[in-house]
Amino acid sequence: MSVWRGIGSLATAIAVVAHGSVVQTQQAPRESAGVAYLAVDLSRGATLASERADRLDIPALPGSLIKIATLAAALESGAVGPRSGILCARRTMVAGHTLVCTHPELQRALQPAEALAHSCNTFFTTVGGRTPRSAIDRALVDLGLPPTDPAVPIAGAAVGLEGMRVAPRRFIAAIARIAEEPSKLPWKPETLATVREGLRGAAAYGTARALGDRGITSMAKTGTVINNGIAQGLVVGVTRSSPSIGFVLMVSGGAGLDAAALAANRLAVGAAARGRVRLGLTRPDGTYEVRVVSMDDYVANVVAGEAAVGSSAAALEALAITVRTYTEANRGRHAADGFDLCDLTHCQVPRRATPATTRAAKATTDRVLLDHGAVAHVFYTASCGGHAERPSRVWRGAPDPAFLQSRPDSECAGQPVWTSDVNVRDLQRALAVGHFEGETLRNISVMARTPSGRAEWLRLDGLVPDQISGEDLRTLVGRTLGWQYLKSTLFDVRRTSTGFRFNGHGAGHGVGLCVIGSAALASSGGSTPEILSRYFPGLTLGAPASAVSRGAALRAPSTSIQIVLGPSNQPEAAVVRDLASRRLVSLSTELAVALPERVVLRFHPTVESYQRETRQRWFTAASTHGTTVDLLPLSTLKRRGILESTLAHELVHVLTAATLVGRPLWVAEGVASYFAGEHSDAPLAACPADAQLQTPSSPDVLRRALEDATACVAAQLRTGKSWRMVR
């Protein structure tokens, strides 16, 4: 949520969000801020990606990475057992250093594997004091690393603060030895199993959890050391993908958590370039299971879910190319959720592949539709109902490229024809989900139609607001009652004794390739190129670019910014989109967060409409949920001089919400204010409670709460913390 602060020293709008992001005092690790990265194919020894890799050959203190060897040595020597427990004291002293644990407070003793996953300093300083130096040196040599300096006390050496220096690149081979099957390490089975469990835990829930959040299964370990007065964040690991990839990333001025987040972004982009899709499979409770599948398998499954029954090979191949193009263009659509695409109608619906759809996918491997050399943003629909539609007539503010036209489609022949009866109570329940209010829905009538005949706007007698777009009505009914009721917006509607009868034809939004029409065209002899040329005139066939340019690894292939404006403001859509796009890219780099695939900026036509839709107070300016931002009317924001600051604040929330889930609201709000440039001169005070930000009694109360939140965040960042660690 964004708020209007027209009071006191901050005469600009401050965006206050329900979900937010944090900032770094010395900005989040940027691409130009000393990142060194190396990824290698372990089966062939080939370099897959490299950035300033020469820095990874400079010997450095290993920091927490040495805890791998310390744990193995303690288990081998009997200093601890696989199920021994040590209670974390949160703060410990060793070799003149005060070490503070930042992992969650578990309120119980940590066992060895989870201590390694969380990199618990109390555990390893305790274990290091019990373990003979000879055992630690032997474990280091087993991993291909040098032994400790015998002149240095073992207490500091056991946690990597002194006693040895090693090139970070060498830890790839060390972790690869642990992951190798069968193992050549001379360790007891329980030692090997415990160390592996700890490294997997680090990537799943521990210090390198950014990898698991992006669906990357791996064994990994992070570390943070100081070289020449500069913090160096390290992460090293080995993925379980095929091929297995060894990687190391070091970031100057950051911590291990930052290094893991940067490595996760690069590995995810690299996996995409190598023809894999991170698919989010919906669980019954609404959460997702992330599964990485090959592009061809994914395309075969989606074609099986979306194709018309009895489609010939030409139609299946045309659909396969369209599905692959859509997939490439929409990678990272669910980046905030840790995967690329979901398995619902929101993205694409996969089903079990058939031999025919598998053949179609393999026959079109690496073939996509290109628009002037770039992957085109295409769509497809079950049935256009006899007339294709332009994108902007379905999704307000969407661009209308030349290859997506509104035109008759004789091949489709208006099929299917359908009739649905919906009673008043059910329809009003669906509309209530969209925040339409009123006691009784008396009538529905079509106010305006698109050139293709679709119901563009409808009047709702008896409800507030009293107007709705045809596509919004179809979506609300579909998500609440089922998609079988309103199959398209090509319908007429009339009142019945119990509700409303919809008579229509077609199925889906009607944009792009018509699945029924393409099947009919193929059955009459049309080839795959002819089908694609019919539905996407001007596009060419080619292969997607697989190389990821240096410095672009944090970005999704592209971000579609949809601007929703009233008719009178449409000429300004391009200017707003350009402003939002530039700020989004800048903030993505500063925060070291991947760009989302799609952002919707919805400017309401009136202040009242904004308040009804968002349920926010009159002194707020915007509200963000996921990647959709609801804003006051464009003219209002411009008149108050707060358009750019409001956009910046909300875009920070879009980028950081997933990372900050579960944190106090002051963290999200303080981070958004800080990164949007809304710095406060207020002295450090108590961090505000959630209620002060969620339900303020006045603009002045909210202004003070925001100043306090920003001051609290800034104070933590000044200590050198990453914004991800503010809490």
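What you see is a predicted model; the values in this text were computed from it and never measured.
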J.: Could you tell me the separation between the CZ atom of Arg283 and the CG atom of Leu281, rounded to the nearest 0.5 Å?
T.: 9.0 Å
J.: May I ask you to check whether His118 and Tyr205 place their ring centers less than 6.0 Å from one another?
T.: yes
J.: Please determine which of Val235, Asp258, Thr222 meets the side chain to side chain contact (heavy atoms under 4.5 Å, CB included) test together with Leu249.
T.: Val235
J.: So, does Thr480 use its side chain to make a donor-acceptor pair with the main chain of Leu476 at under 3.5 Å?
T.: yes
J.: Could you point out which residue of Val599, Val654, Asp630 forms a side chain to side chain contact (heavy atoms under 4.5 Å, CB included) with Thr624?
T.: Val654
J.: Looking only at non-hydrogen atoms, find the nearest pair between Val511 and Pro391 and report the distance.
T.: CG1-CG, 3.9 Å
J.: Is it the case that the side chain of Thr325 and the backbone of Leu369 share a donor-acceptor pair, with hydrogens and angles ignored and the cut-off at 3.5 Å?
T.: yes
J.: Determine the minimum heavy-atom distance between Ala203 and Ala220, stating which atoms define it.
T.: CB-CB, 4.2 Å
J.: Side-chain contact, heavy-atom cut-off 4.5 Å: Asp296 with Arg324?
T.: yes
J.: Just verifying a value: how many Å separate Leu565 CG and His604 NE2, rounded to the nearest 0.5 Å?
T.: 11.5 Å
J.: For a quick test of your reading: what N or O donor-acceptor pairs under 3.5 Å do the side chains of residues 431-438 make, sequence neighbours left out?
T.:
from	atom 1	to	atom 2	distance (Å)
His435	ND1	Arg615	NH2	3.2
Glu437	OE2	Arg615	NH1	3.3
Glu437	OE2	Arg615	NH2	3.3

J.: Do Ile516 and Pro416 have side-chain heavy atoms sitting under 4.5 Å apart?
T.: yes
J.: Is the shortest side-chain heavy-atom distance between Val290 and Leu279 below 4.5 Å?
T.: no
J.: Sub-3.5 Å donor-acceptor pair from the side chain of Thr358 to the main-chain atoms of Thr354, do we have one?
T.: yes
J.: So which atom in Ile531 and which in Ala522 form the shortest heavy-atom distance, rounded to 0.1 Å?
T.: CD1-CB, 3.8 Å
J.: Under 3.5 Å, is there a donor-acceptor pair linking the side chains of Arg602 and Thr628?
T.: no
J.: Work out which heavy atom in Ala519 is nearest to a heavy atom in Ala308; give both atom names and the distance.
T.: CB-CB, 4.2 Å
J.: Mind listing the closest non-hydrogen atom pair of Arg352 and Ala304 along with its distance?
T.: O-CB, 3.4 Å
J.: Could you give the distance from OG1 (Thr345) to CH2 (Trp483), rounded to the nearest 0.5 Å?
T.: 4.5 Å
J.: Answer yes when Arg196 and Glu181 have at least one side-chain N-carboxylate O distance shorter than 4.0 Å, and no when they do not.
T.: yes
J.: Kindly compute the distance separating CG (Leu441) from CZ (Arg429), expressed to the nearest 0.5 Å.
T.: 14.0 Å
J.: Does a donor on one side chain sit under 3.5 Å from an acceptor on the other, for Tyr535 and Asp409?
T.: yes
J.: Taking Val368's backbone N and O only, do any of them form a donor-acceptor pair with Glu328's side chain (distance below 3.5 Å, no angle check)?
T.: no
J.: Do NZ/NE/NH1/NH2 and the carboxylate oxygens of Glu471 and Arg474 come within less than 4.0 Å?
T.: yes
J.: Is any side-chain heavy atom of Gln616 closer than 4.5 Å to one of Tyr610?
T.: yes
J.: Indicate whether the side chain of Ser623 and that of Thr614 have a donor and an acceptor atom separated by less than 3.5 Å.
T.: no
J.: Is there a side-chain contact between Ile216 and Thr239 (heavy atoms, below 4.5 Å)?
T.: yes
J.: What distance separates Leu211 CG from Thr217 OG1, expressed to the nearest 0.5 Å?
T.: 10.0 Å
J.: Less than 4.5 Å apart, side chain to side chain, heavy atoms only: is that true for Pro401 and His377?
T.: no
J.: Tell me whether Arg200 contacts the main-chain N or O of Met219 through its side chain, where contact means a donor paired with an acceptor under 3.5 Å.
T.: no
J.: Kindly say whether the aromatic ring centers of Tyr485 and Phe502 come within a distance under 6.0 Å.
T.: no
J.: Measuring from Arg367:CZ to Thr322:OG1, what's the distance to the nearest 0.5 Å?
T.: 13.5 Å
J.: So which atom in Leu490 and which in Ser452 form the shortest heavy-atom distance, rounded to 0.1 Å?
T.: CD2-O, 3.5 Å
J.: Look at Arg393 together with Asp400 and state whether they make a salt bridge at an N to O cut-off of under 4.0 Å.
T.: no
J.: Under 3.5 Å, is there a donor-acceptor pair between the side chain of Glu197 and the main chain of Ala113?
T.: no
J.: For the residue pair Phe379 and Trp395, is the inter-centroid distance of their aromatic rings smaller than 6.0 Å?
T.: yes
J.: Between Thr282 and Asp343, does any side-chain donor sit less than 3.5 Å from a side-chain acceptor?
T.: yes
J.: Please tell me whether Ser420 and Gln484 have a donor and an acceptor in their side chains that are separated by less than 3.5 angstrom.
T.: no
J.: Verify, without hydrogens or angle tests, whether Thr620 (side chain) and Ala622 (backbone) share a donor-acceptor contact under 3.5 angstrom.
T.: no
J.: For Gln562 and Arg598, what are the C-alpha separation, side-chain angles and deciding distance, and is it a side chain to side chain contact (heavy atoms under 4.5 Å, CB included)?
T.: CA-CA 7 Å; Gln562 179 181 341; Arg598 178 183 174 92; 2.3 Å; yes
J.: Passes side chain to side chain contact (heavy atoms under 4.5 Å, CB included), Asn330 versus Cys347? Steps please.
T.: CA-CA 9 Å; Asn330 286 277; Cys347 296; over 6 Å; no
J.: Under a 3.5 Å distance rule, please check whether Thr381 uses its side chain to pair with a backbone N or O of Cys384 as donor and acceptor.
T.: no
J.: Could Glu289 and Arg291 be called an ion pair, given the rule that one side-chain N must be under 4.0 Å from one carboxylate O?
T.: yes
J.: Are the side chain of Thr357 and the backbone of Val303 linked by a donor-acceptor contact shorter than 3.5 Å?
T.: no
J.: Who pairs with Asp371 by salt bridge (charged side-chain N to carboxylate O under 4.0 Å, His left out), at least two apart in sequence or on another chain?
T.: none
J.: Ile321 and Leu532: side chain to side chain contact (heavy atoms under 4.5 Å, CB included), yes or no, with the steps?
T.: CA-CA 9 Å; Ile321 291 170; Leu532 295 172; 3.8 Å; yes
J.: Side chains of Asp297 and Ser294 only: does a donor on one sit below 3.5 Å from an acceptor on the other?
T.: yes
J.: Would you indicate whether the side-chain heavy atoms of Val600 and Thr627 approach each other to under 4.5 Å?
T.: no
J.: Is it the case that Thr327 and Gln348 place a side-chain donor and acceptor less than 3.5 Å from each other?
T.: yes
J.: Go through the steps for Val726 and Trp666 under the test side chain to side chain contact (heavy atoms under 4.5 Å, CB included), then give the verdict.
T.: CA-CA 10 Å; Val726 175; Trp666 67 262; 4.0 Å; yes
J.: Is it true that a side-chain atom of Asp472 and a backbone atom of Ile468 form a donor plus acceptor pair closer than 3.5 Å?
T.: no
J.: Would you mind reporting whether Asn423 and Leu427 have side-chain heavy atoms less than 4.5 Å apart?
T.: no
